[in-house]
J.: 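After the structure tokens below, expect a handful of questions from me.
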Amino acid sequence: MRLSSAFLKTMKEVPKEAQVVSHQLMFRAGMIQKLASGIYNYLPMALRSLRKIEAIIREELEKKGCQEVLMPVVQPAELWKESGRWEYYGAELLRFKDRKESDFCLGPTHEEVITDMVRKNLKSYKQLPWNLYQIQSKFRDEIRPRFGLMRGREFIMKDAYSFDESVEKSLENYQLMFDAYTEIFNRCGLKFKAVDAATGAIGGDKSHEFQVLADSGEDGILSCSHCGYAANEEKAAVKKVEYNLDSAEFAPMEEVHTPGRKSIEEVSDFLDKEPRELIKSMIYTIDEKPALILVPGNKEVNETKIQSFFNANIVALANDETVEKITGADLGFAGPIGLKEKIYIAADYRVDGIMNMICGANRSDYHLTGVNIGRDFKPDVYGDFIHAYAEDDCPVCEAGTLEEHRGIEVGQVFYLGTKYSEAMNCNFLDRNGKQTPAVMGCYGIGVGRTLAAAIEQNHDEAGIIWPMAIAPYEVVIMPLQLKDENVTDTADTLYKEFLEAGIDAAIDDRNERPGFKFNDADLIGYPVQIIIGSKTLAEGMVEIKIRATGEKMKINVAEVQEWIVDFKAEALK
RNA sequence: CGGGAUGUGGCCCAGUGGCUAGGGCACCUGGUUUGGGACCAGGGGAUCGGAGGUUCGAAUCCUCUCAUCCCGACCA
């Protein structure tokens, strides 16, 4: 590319709306332009990098036997009604009607469409496995788009869907994709962690996220200091046995007057007890059915864990009216004993270890003390319902504690099971001639977010520092004195040689002063700058600057091409 | 959706009742420059987010509205 005619405008100043580094640098380097909130034009520099990421994705997926397809952005409501998601996907799904008043939506993801596509072709187990992917624009009407390409509304995503005849085969596919993702992000030059993850609205019950480590990341990751355990903080398990207050014996259960004391702090202060001796009793609505969740008073309820434990679509705190109806008391005095309505009681494992606990009495201004599981009540089920935090003990090994990092989720793999294939009758004849739903997995990579994450992880005060594999151009040739024909001729010759040698080269032939070109080159972040100046060239040399290290060297003109080919090969290893 | 803030040329900002709305960056022309975002001179570009109102007079005050950003809730 000759920069003199490039569609490129760099900026010294940052638009004030750009808050994170990747957003600022992409603006300044002339890579993106905002069209509306969370909706961007990708300019040539950005698109070149995006295409390179896509090429890496395609290569690695094809290696694993995936096949590329392309599905529509516009999807009919019927399919979404069939899967049940038309109702509960919520406002993030952008819906509209066509001229015949039929309902449509812009695809935020493609489980419905692919399942429909596959069921029309799938007859026999002999056809499987299939793993189909596409790279395409998605639209999600995010409540609060932010941080440029990190959380846009329209964004480029690679989504893949696997179909297998059995759970075992599906999990094999899951592992193949896990491995492919590891390759892909390694090749993109990113430092990342694969972590246990919650499944959210996609459904299913096994998932990993690929998190690029960066302080600006929106996700918290907890990983063990000792073993390999790592999980999204919303999913991170908590070690099972933690509390055993070890009281000598059961105390009698008594009702105590606690006027106006509602919160854990208020009650524990008032009764002069530790928060961990109290039981936090929260009434949740889980897919519209109320349930009581019990956790130790010093812990926080984790709604994500409740959602996956109950395999629920929607989990929310019950409204005040519901709580008062169920407890027969004001808000703040709920407990497991004496509820006016019989509802499901789910207790965190750690509640089991607490003796002579304190909880709400289901009577306004009263709490119960000396409550004991077994004698006074019994939960319907136990589970892990609390938030994990940094410095908690590792749930897996004996030695480690959890450490927190920030991460940018660039990819996620899900084992789905038969959630969609059953809802949408995506069946095949198995080895015994029986109709069986296909076992599915789905796998996403945010392509634009990967680009943004790469910048978050690779930049300095001057600008972007592209990893070689995803740089828009691998090298920029910078003739400094355009009036010196020796300089311009040498630059042109090298430029042609580079292109012939398969090097992505740009030539900065703009009539600008050297300082301007240096700053632009640093900002745009070409991995290598070839600087051609009259004085050095008179000695038959050109100067090379390596962006990542700042290292500069002089090299004979005749050796430049070989050098750059070698340097690129080394960088891509 | 709750809280906070901001809309003045492509970008950053000044102007908070009074003349023809200013500066810097960017852009165009001419000249001088040419190894880390040059300098001088000239020039083009704005119905001050939009609508309504108050006023002799509104970018400035009031009402409504739209858009954008931040925090939260929410979210593969």
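Below, chains carry the letters A, B, ... as their sequence lines are ordered, and counting in each starts from 1. As a basis for the values below, the full set of heavy atoms in this structure was taken, side chains included, without hydrogen atoms, waters or symmetry mates.
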J.: State which of B/C74, B/G37, B/C69 makes the closest approach to the side chain of A/K12.
T.: B/G37

J.: I want to know whether A/Y415 and A/Y174 have ring centres closer than 6.0 Å.
T.: no

J.: I want to check one thing: is the phosphate of B/A5, taken as OP1 and OP2, less than 4.0 Å away from some side-chain N or O of A/K16?
T.: no

J.: Under the 3.5 Å rule, do the base of B/G37 and the side chain of A/R28 count as making a donor-acceptor pair?
T.: yes

J.: Taking the same atom, C1', in B/C11 and in B/U68, what whole-Å distance lies between them?
T.: 15 Å

J.: What is the distance from CG of A/D520 to P of B/A26, rounded to the nearest Å?
T.: 12 Å

J.: Atom CD of A/E234 to atom P of B/A73: distance rounded to whole Å?
T.: 12 Å

J.: Under a 3.5 Å limit for both distances, which nucleotide forms a Watson-Crick or G-U wobble pair with B/A21, could you say?
T.: none

J.: Could you please name the partner base of B/G35, counting Watson-Crick and G-U wobble pairs only when both distances are under 3.5 Å?
T.: none

J.: Quick one: on RNA chain B, does A/F518 or A/I445 contact a more 5' nucleotide (nearest heavy atom)?
T.: A/F518

J.: Does the structure show a Watson-Crick or G-U wobble partner for B/A58, both distances under 3.5 Å? Name it, or say none.
T.: none

J.: Would the distance check show the side chain of A/K34 and the main-chain N or O of A/G148 forming a donor-acceptor pair, the cut-off being under 3.5 Å?
T.: no

J.: Determine the interatomic distance between C1' on B/G49 and the same-named atom on B/U60; round to the nearest Å.
T.: 16 Å

J.: Separation of A/D508 atom CG from B/G36 atom P, in whole Å?
T.: 15 Å

J.: In whole Å, measure the gap between the C1' atoms of B/G52 and B/C66 for me.
T.: 14 Å

J.: Go ahead and name the base partner of B/G30; Watson-Crick or wobble counts if both distances stay under 3.5 Å, otherwise write none.
T.: B/C40

J.: From the list B/C75, B/C74, B/G37, which nucleotide is the closest neighbour of the side chain of A/T10?
T.: B/G37

J.: Any base atoms under 4.0 Å from A/L482, or only sugar-phosphate, or nothing? Heavy atoms, all strands.
T.: nothing

J.: Decide, yes or no, whether a salt bridge links A/R153 with A/D141 under the criterion of side-chain N to carboxylate O below 4.0 Å.
T.: yes

J.: Can you tell me how far P in B/G24 sits from the matching atom in B/C39, rounded to whole Å?
T.: 11 Å

J.: Could you tell me whether A/F155 contacts a base, only the sugar-phosphate backbone, or nothing, with contacts defined as non-hydrogen atoms closer than 4.0 Å?
T.: base

J.: Does the structure show a Watson-Crick or G-U wobble partner for B/U63, both distances under 3.5 Å? Name it, or say none.
T.: B/A51

J.: Rounded to whole Å, please give me the gap between CD in A/E142 and P in B/C70.
T.: 13 Å

J.: With C1' as the reference atom in both, quote the distance from B/G3 to B/A73 in angstrom, rounded to an integer.
T.: 11 Å

J.: Has the side chain of A/E543 got a donor or acceptor atom sitting under 3.5 Å from an opposite partner on the base of B/G35?
T.: yes

J.: Could you measure between the two P atoms, the one in B/A59 and the one in B/U16, and give it in whole Å?
T.: 13 Å

J.: Examine A/Y40 together with A/F155 and report whether their ring centres are nearer than 6.0 Å.
T.: no

J.: Checking all strands, does A/Q481 fall into the base, sugar-phosphate, or nothing category for heavy-atom contacts under 4.0 angstrom?
T.: base

J.: By the 4.0 Å heavy-atom rule, please label A/Q19 as base, sugar-phosphate, or nothing.
T.: sugar-phosphate

J.: Hey, is A/R2 close enough to A/D492 for a salt bridge, meaning N to O under 4.0 Å?
T.: yes

J.: Starting at atom CG of A/N519, determine the distance to atom P of B/U34, rounded to an integer number of angstrom.
T.: 19 Å

J.: Roughly how many Å apart are B/C28 and B/G10, using the C1' atom of each and rounding to a whole number?
T.: 15 Å

J.: Could you identify the nucleotide paired to B/A46, looking across every strand shown and requiring Watson-Crick or G-U wobble geometry with both distances under 3.5 Å?
T.: none

J.: With a 4.0 Å cut-off on heavy atoms, is A/G533 in touch with a base, just the backbone sugar-phosphate, or nothing at all?
T.: base

J.: Taking 4.0 Å as the cut-off, does a side-chain nitrogen or oxygen of A/R144 come that near to OP1 or OP2 on B/C71?
T.: yes

J.: State the pairing partner of B/G2; accept Watson-Crick or G-U wobble contacts with both distances under 3.5 Å, and report none otherwise.
T.: B/C71

J.: Nearest to the side chain of A/K552, which nucleotide is it out of B/C11, B/U34, B/G36?
T.: B/G36

J.: Could you tell me how the ring of A/F385 sits relative to the ring of A/F310: parallel (under 30°), tilted (30 to 60°) or perpendicular (over 60°)?
T.: parallel

J.: For the pair made of CZ in A/F147 and C1' in B/C75, what is the distance, rounded to whole Å?
T.: 14 Å

J.: So A/D159, base contact, sugar-phosphate only, or nothing? Heavy-atom distance under 4.0 Å.
T.: nothing

J.: Map A/R153 and A/Q412 onto RNA chain B by nearest heavy atom, then report which one ends up closer to the 5' terminus.
T.: A/R153

J.: So does A/R144 pair up with A/E218, basic N to acidic O under 4.0 Å?
T.: no

J.: Side chain of A/K34: nearest nucleotide among B/G36, B/C69, B/U34?
T.: B/C69

J.: Taking any heavy-atom pair under 4.0 Å as a contact, classify A/K138: base, sugar-phosphate, or nothing.
T.: nothing

J.: Side chain of A/E13: nearest nucleotide among B/U68, B/G35, B/C25?
T.: B/C25

J.: Would you mind reading off the distance between A/L94 atom CG and B/C75 atom P, rounded to a whole angstrom?
T.: 18 Å

J.: Do the side chains of A/E111 and A/K419 get close enough for a salt bridge, i.e. N-O under 4.0 angstrom?
T.: no

J.: For the residue pair A/R48 and A/Y473, would you count it as a cation-pi contact if the rule is NZ or CZ under 6.0 angstrom from the ring centre and within 45 degrees of the ring axis?
T.: yes

J.: In whole Å, measure the gap between the C1' atoms of B/A67 and B/G43 for me.
T.: 33 Å

J.: Please confirm whether any donor atom in the side chain of A/T536 sits under 3.5 Å from an acceptor in the base of B/G35, or the reverse.
T.: yes

J.: Would you please confirm or rule out a distance under 4.0 Å between OP1 or OP2 of B/C69 and any side-chain N or O of A/S37?
T.: yes

J.: Just the rounded figure in Å: distance from C1' of B/C69 to CD of A/Q24.
T.: 13 Å

J.: Contact class for A/K9 (heavy atom, under 4.0 Å): base, sugar-phosphate, or nothing?
T.: sugar-phosphate

